[in-house]
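Residue numbers start from 1 in every chain, and the chains themselves are labelled A, B, ... in the order their sequence lines are given, proteins ahead of strands.
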Amino acid sequence: MYRIIVTFLLIFNHHFGGGMRLSKYFIPTLREVPAEAEVVSHKAMLRAGMIKKLASGIYDYLPLGLKAIRKAENIIRKNMDLSGAIELLMPSVQPAEMWEESGRWSYYGKELLRIKDRHDRNFCFGPTHEEVTTDIVRSFITSYKQLPINLYQIQTKFRDEVRPRFGLMRGREFIMKDAYSFDVDDAGANVSYGKMRDAYCRIFDDCGLKYTMVEADSGAIGGSYSHEFMVLADTGEDTVISSDKGGYSANLEKAVCGDNWDEWKEEILPAEKKETPNTRTVEELAAFLDVPVMKILKAMIVNVDGSFYCFLVRGDHELNLAKVKNFFGAPSAELASYDDIAVHAEGAPAGFIGPAGLKLEIYADYAVRAMKNVVMGANVKDLHIINANFGRDFDVKTFGDFRNAIEGDTCPVDGGKYILTRGIEVGHIFKLGTKYSESMNAVYLDKEGKRNPMIMGCYGIGVTRVVAAAIEQNHDEKGIIWPVQLAPFQVVIVSLNPNEQAVADLSETIYKELSGLGLDVMYDDRDERAGVKFTDAELVGYPVRVAIGKKSLAEGKVEVTIRKTGETAAVKKEDCISAVMEMLEKLR
RNA sequence: CGGGAUGUAGCGCAGCUUGGUAGCGUACUGGUUUCGGGAACCAGGGGUCGGGGGUUCAAAUCCCCCCAUCCCGACCA
């Protein structure tokens, strides 16, 4: 019996925790930051010896980095399994046929890394796995009785990003958890979606991260919905819009702007032409005329899938092309090129375009309707019209929500004021509908024996990005401050005088006891000076540090320190284990 | 893809203008002392100066081409 328990403990430790001696481990910390790193998490991961760059956007995961990645993966795996999703593993290299079938071989641009095998057949390195999953499901699932099903994997992906940057934050090769659900009908798909939403909340809670779930743009794929999970960090690449009343949050592309403007209380003035040489930007124009930027009517010519329209927004607002695209239900919308402007703007160069006299349909943002006595382009170089007014001087076909929200806007959902924060997109869940099931013929027979396409959802988490985001959110000038749940090692034992027998013995004892409890313990037994060990410990970011040295040991004590707060307690050596456990508990 | 910059020892940098035997800091190896907050001294090892071509008696340095890496932009006229 005893032997069985011991065996179990050994296995348990091997899989779920255990100790490591730093003298026998591999954490190549750097004293100086490689010049290539710009953002906090990138610098910290390089300095802490977690990653090494192999090529642009492609990194080695060194042991410490891999440990953190595995922690995140295990939290994700546990919650995915709990939600009823089933893990499998699909190939990273995929045949072009799959992608031709779904129509994405030509649609997907240069981000898709295409490769050929020795027989000159086309393959790609998978940036995502809708096609492959759909192929599996259509091969084996034919009846409503086998549905719903949700399959997921944790796999290395490759996207040949235009501009990889910020280390693991936007790499080309990265690790992703992706899940795909298949349902018999819309209601079922909504249930599957809800389960994933709940699982994602649990995952990011379990990771110990501060995050928010926001409504996201669902893009051109179906009229369904989508949510993003954002880890909040000042250094985030994305803007999160939320109402200060807490009733709404969304990303910038999606965040709704209301038709809730009061008309400006101004007397209507006669329109007048003004020479405005070299005022290409709104700021230059406003400065030249000495009027506020918001009095300027910004006119832009937009190429919506080959058709051209003019869009008007207030000078201090920005046009949101995603909203334009969705308004027309078009696959693409972009600002017109200079050549196209020359054709469609009556010869006026960019900067002097105005709605009056254009042979294009004019659309305007809601905020424009409230404007009075505006400055607009005269469609002639170096000429603007001041005191122009809607109805008298220009017309608009339709007003709509066509702009980016800004701080202080009134939220049309709950009436609060918009607040902008920065976030890092770590998860995205998506109701796909039948896009892939229809193009790839993933159908099932219902109770009546009729063929129906399955309703799909897809759900992604950037595992490596979660790790980077955790650092971005939790660090100080000394280094990383791991949330306990993601920490590669929860505790470090720093032996300050490894050559003193008493110190070495006690370090050894405490090390064995803590690792015996299933904790991930790093024992810094190196023959290094105290300063080196402390600095490394802070850089690597162990949540709890136990310092054992002859000075405090002379009084029978050791020091236990919390990385996050710097809080240190000198505890009796007998109480060390319980003090560590207590601190770890407090940090969870 | 456009603009800017950089490439010299593992890492951080100088040298380049004005061509003439490749340097500093740190890291690394050996030794002595030290060692509870990145130790001191002594002695060492380590370089296709991103690659190719050109000019020259002579190129890290000047010229041309290429490559790589980073930053900014590629939506606000």
G-U wobble or Watson-Crick pairing nucleotide for [N] (cut-off 3.5 Å, both distances):
N     : answer
B/G46 : none
B/G19 : none
B/C35 : none
B/A74 : none
B/C62 : B/G54
B/G10 : B/U26

[X] [atom1] - [N] [atom2] separation (whole Å):
X      : N     : atom1 : atom2 : answer
A/E334 : B/C1  : CD    : P     : 18 Å
A/D316 : B/C75 : CG    : P     : 21 Å
A/R170 : B/U69 : CZ    : P     : 17 Å
A/E32  : B/C24 : CD    : P     : 16 Å
A/E38  : B/U69 : CD    : P     : 17 Å
A/R31  : B/G12 : CZ    : C1'   : 11 Å
A/I58  : B/U69 : CD1   : P     : 9 Å
A/E237 : B/C71 : CD    : C1'   : 14 Å

Exercise. Considering only heavy atoms and no angle criterion, is a donor-acceptor pair shorter than 3.5 Å present between the side chain of A/R545 and the base of B/G37?
Worked result: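 Such a pair is found, so the answer is yes.
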
Exercise. Looking at B/G38, does its base get a donor-acceptor pair with the side chain of A/E528 below 3.5 Å?
Worked result: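 Looking at the base of B/G38, it does not pair with any donor or acceptor on the side chain of A/E528 (distance under 3.5 Å).
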
For this session: Measure from the side-chain N and O atoms of A/N379 to the backbone N and O of A/A356, and report whether any donor-acceptor pair falls under 3.5 Å.
Result: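 Yes; at least one donor-acceptor contact below 3.5 Å.
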
Exercise. Do the side chain of A/R563 and the main chain of A/I481 share a donor and acceptor less than 3.5 angstrom apart?
Worked result: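 Looks like no, no N/O pair under 3.5 Å.
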
Exercise. Which part of the nucleic acid, if any, lies within reach of A/K53 when heavy atoms closer than 4.0 Å are counted: base, sugar-phosphate only, or nothing?
Worked result: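 The answer is sugar-phosphate, as A/K53 gets under 4.0 Å only of primed atoms, P, OP1 or OP2.
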
Exercise. Across the strands shown, which category fits A/D527 at heavy-atom distances under 4.0 angstrom: base, sugar-phosphate, nothing?
Worked result: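 It contacts nothing in the nucleic acid.
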
Exercise. Centre of A/W99's six-membered ring, under 6.0 Å away, within 45 degrees of the axis: is that where NZ or CZ of A/R114 sits?
Worked result: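 A/R114 over A/W99 ring: no.
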
Exercise. For A/F399, is the NZ or CZ atom of A/R369 found under 6.0 angstrom from the centre of its six-membered ring and inside 45 degrees of the ring axis?
Worked result: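 Geometry flag: set, cation within 6.0 Å and 45°.
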
With [atom1] as the reference atom in both, quote the distance from [N] to [M] in angstrom, rounded to an integer.
N     : M     : atom1 : result
B/G30 : B/A14 : P     : 32 Å
B/C41 : B/G51 : P     : 35 Å
B/G20 : B/C63 : P     : 15 Å
B/A22 : B/U61 : C1'   : 12 Å
B/U55 : B/G19 : C1'   : 11 Å
B/U56 : B/G47 : P     : 32 Å
B/G3  : B/A74 : P     : 15 Å
B/A27 : B/U17 : C1'   : 32 Å

Problem set entry | Sub-6.0 Å ring centroid separation between A/F311 and A/F327 |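 When the ring centroids of A/F311 and A/F327 are compared, they turn out to be at least 6.0 Å apart.
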
Of all the choices, [options], which nucleotide is nearest to the side chain of [X] once you look at every atom?
X      : options             : value
A/E318 : B/C70, B/C76, B/A74 : B/C76
A/K550 : B/G36, B/C70, B/C71 : B/G36
A/N404 : B/U69, B/G36, B/C76 : B/C76
A/L496 : B/G38, B/C71, B/G36 : B/G36
A/P34  : B/C11, B/U69, B/G36 : B/C11
A/F534 : B/G37, B/G38, B/C76 : B/G37
A/A55  : B/C13, B/A39, B/U69 : B/U69
A/R47  : B/G38, B/C35, B/C71 : B/G38
A/A35  : B/U26, B/G36, B/G12 : B/G12
A/L335 : B/C75, B/A27, B/U69 : B/C75

Exercise. Any salt bridge between A/D409 and A/R403, counting N to O under 4.0 Å?
Worked result: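 Salt bridge present between A/D409 and A/R403.
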
Do the side-chain N or O atoms of [X] get closer than 4.0 angstrom to the phosphate oxygens (OP1, OP2) of [N]?
X      : N     : result
A/R529 : B/A39 : yes
A/S56  : B/C70 : yes
A/N497 : B/G36 : yes

For this session: With RNA chain B as reference, determine whether A/N320 or A/P164 sits nearer its 5' end, using the nearest nucleotide of each.
Result: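 Closest to the 5' end, via its nearest nucleotide, is A/P164.
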
Would you mind writing out the side-chain donor-acceptor pairs for residues 50-60 of chain A within the sub-3.5 Å range, not counting sequence neighbours?
residue : atom : partner : partner atom : Å
A/K53   : NZ   : A/E36   : OE1          : 3.4
A/Y59   : OH   : A/H42   : NE2          : 3.2

For this session: For the residue pair A/Y363 and A/F328, categorise the inter-ring angle as parallel (less than 30°), tilted (30 to 60°) or perpendicular (more than 60°).
Result: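 A/Y363 vs A/F328 ring planes: perpendicular.
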
